[in-house]
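Scroll down for the structure; my scribbles are underneath it.
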There are 2 protein chains.
Amino acid sequence: MRRFRGEAENKVDGKGRVSIPAPFRRVLEEGDPDWSDGFNPNFVLVYGRRNNKCLEGYSLKSMNDVDDLVSRLPRYSKEREILERFLNSQSIYAQVDENGRIVLPPKLRQIAKITSKAMFVGMGEKFQIWEPDSYQKDMKLMEQRLSENNLEEEIYSLLDDREKTLKRYEES
Amino acid sequence: MRRFRGEAENKVDGKGRVSIPAPFRRVLEEGDPDWSDGFNPNFVLVYGRRNNKCLEGYSLKSMNDVDDLVSRLPRYSKEREILERFLNSQSIYAQVDENGRIVLPPKLRQIAKITSKAMFVGMGEKFQIWEPDSYQKDMKLMEQRLSENNLEEEIYSLLDDREKTLKRYEES
DNA sequence: TTGATTTCCATATTTTCCCATGCTATACCT
DNA sequence: AGGTATAGCATGGGAAAATATGGAAATCAA
């Protein structure tokens, strides 16, 4: 399965329309069970998470997986109601149009403070949509935290010892 | 199958009429076996749930699913009697009209304390109708519970570590 | 009859759809 | 290699359709 990679800054017009970066569209197409050549993929936009600082896009497939997990919990259980509330009320379907664009509803633009430009950020199984300045700030913050605490080395070591770590997790 | 997603606040007029959010109508149409293009879907409104704080709308299909689950419970068991009582006596059929609206009978409006506005909340296989202020309060409560029970982590792992979470569920 | 409910019509606003334009990268041809 | 068609991409604008909402007429019920 293809992954969301890279960054792209696109314009948002008065109607709230933005182009989805073409490479992201390819991933969305692959992740929409109903998609076929010549048509446009649907996907899910999640808002209200991550402290309302950005929006997140998930392919239908990965969202379906999540929904399946939740629907295995007992119907009407507290836990399920809470999860359902957050996953379903704070997300909408979005459909890519003929020109590769989506419309960001006013509410979502407001939540992420998006006005005339939107930064698309690949995150592997999902992508994020940021107001460009907010994104820069967030990126700076991350870098700062990394270097201040000398975490850089530690984080990358997670990658190197992946299999060992995995085993450790499984054993526990 | 499409799911109920997102939130929308609509006006309720003196006669109790409210617009069903268009995206929700699409789900109801899909979930009504008798629906065909150009017609209006029927569905079910349940009003005895969640301590009478909101109403719940089910597509005909998802209501059937619920009924099937109930009928699998032991006949005359306490649980089955309770569920049957609530789901059957505390619910009505509702029919979307030509303009995409339904009429909320006075009784139901009173139960959910709905007067001039109604908040529609997507919950996956069902949706809820709240008095907007009550909904805000309930949402705050849920957020609190999220952080208290460390469900926040759960949500992130649902969204991000799908495979690991899947394994955990399968094992349990 | 009279109050309530349903059906029908009207409309402002939003959203969707369709077409057009530069621009860029790629394919193709000689 | 050089030049030229071709297709895809990001963007803009206007026409058309859909949405949310209000109100009037018609129907029903007590």
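Chain letters run A, B, ... following the sequence lines, proteins first, then strands; residues in each count from 1.
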Worksheet entry | Nucleic acid contacts of residues 7-25 of chain B, taken as heavy-atom distances under 4.0 Å to DNA chain D | Asn10(B), Lys11(B), Asp13(B), Lys15(B), Arg17(B), Ser19(B), Ile20(B), Pro21(B), Ala22(B), Arg25(B)
Nucleotide [N], atom [atom2] - distance to [atom1] of [X] in whole Å:
X         : N       : atom1 : atom2 : result
Asp97(B)  : dG22(D) : CG    : C1'   : 13 Å
Asn42(A)  : dT16(C) : CG    : P     : 12 Å
Gln95(B)  : dT5(C)  : CD    : P     : 17 Å
Ile92(A)  : dT14(C) : CD1   : C1'   : 15 Å
Lys117(A) : dA10(D) : NZ    : C1'   : 13 Å

Discussion item. Quick check for you: among dT16(C), dA10(C), dC9(D), whose closest atom lies nearest to any side-chain atom of Val103(A)?
Written reply: dT16(C)
Practice prompt. Please say whether more than 12 non-hydrogen atoms of neighbouring residues, nucleotides or ligands are located less than 6.0 Å from CZ in Arg145(A).
Written response: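 It does not: Arg145(A) CZ has 12 such atoms or fewer within range.
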Worksheet item: If you look at every strand shown and take non-hydrogen atoms under 4.0 Å, does Asn99(A) touch a base, only sugar-phosphate, or nothing?
Response: base
Worksheet item: Hey, are Arg5(B) and Asp67(A) close enough for a salt bridge, meaning a charged N less than 4.0 Å from a carboxylate O?
Response: yes
Worksheet item: Is the closest basic N to carboxylate O distance between Glu79(B) and Arg72(B) below 4.0 Å?
Response: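 The answer is no: the pair does not qualify as a salt bridge.
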Worksheet item: Using a cut-off of less than 4.0 Å, is there contact between a side-chain N or O of Arg26(A) and OP1 or OP2 of dC9(D)?
Response: yes
Worksheet item: So, is Arg101(A) close to the dT15(C) phosphate, meaning a side-chain N or O under 4.0 Å from OP1 or OP2?
Response: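 Checking Arg101(A) against dT15(C): no side-chain N or O falls below 4.0 Å of OP1 or OP2.
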Discussion item. Measuring from atom CG of Leu87(B) to atom CD of Glu56(B), what distance do you get when rounded to the nearest 0.5 angstrom?
Written reply: 9.5 Å
Worksheet item: Taking atom CH2 of Trp130(B) and atom CD1 of Ile114(B), what is their separation to the nearest 0.5 Å?
Response: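 So the gap between those two atoms works out to 10.0 Å.
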Discussion item. Give me each pair satisfying ring-ring contact (aromatic ring centres under 6.0 Å, His included) with a member in residues 14-37 of chain B, each pair once, sequence neighbours excluded.
Written reply: Phe4(B)-Phe24(B), Phe24(B)-Phe127(B)
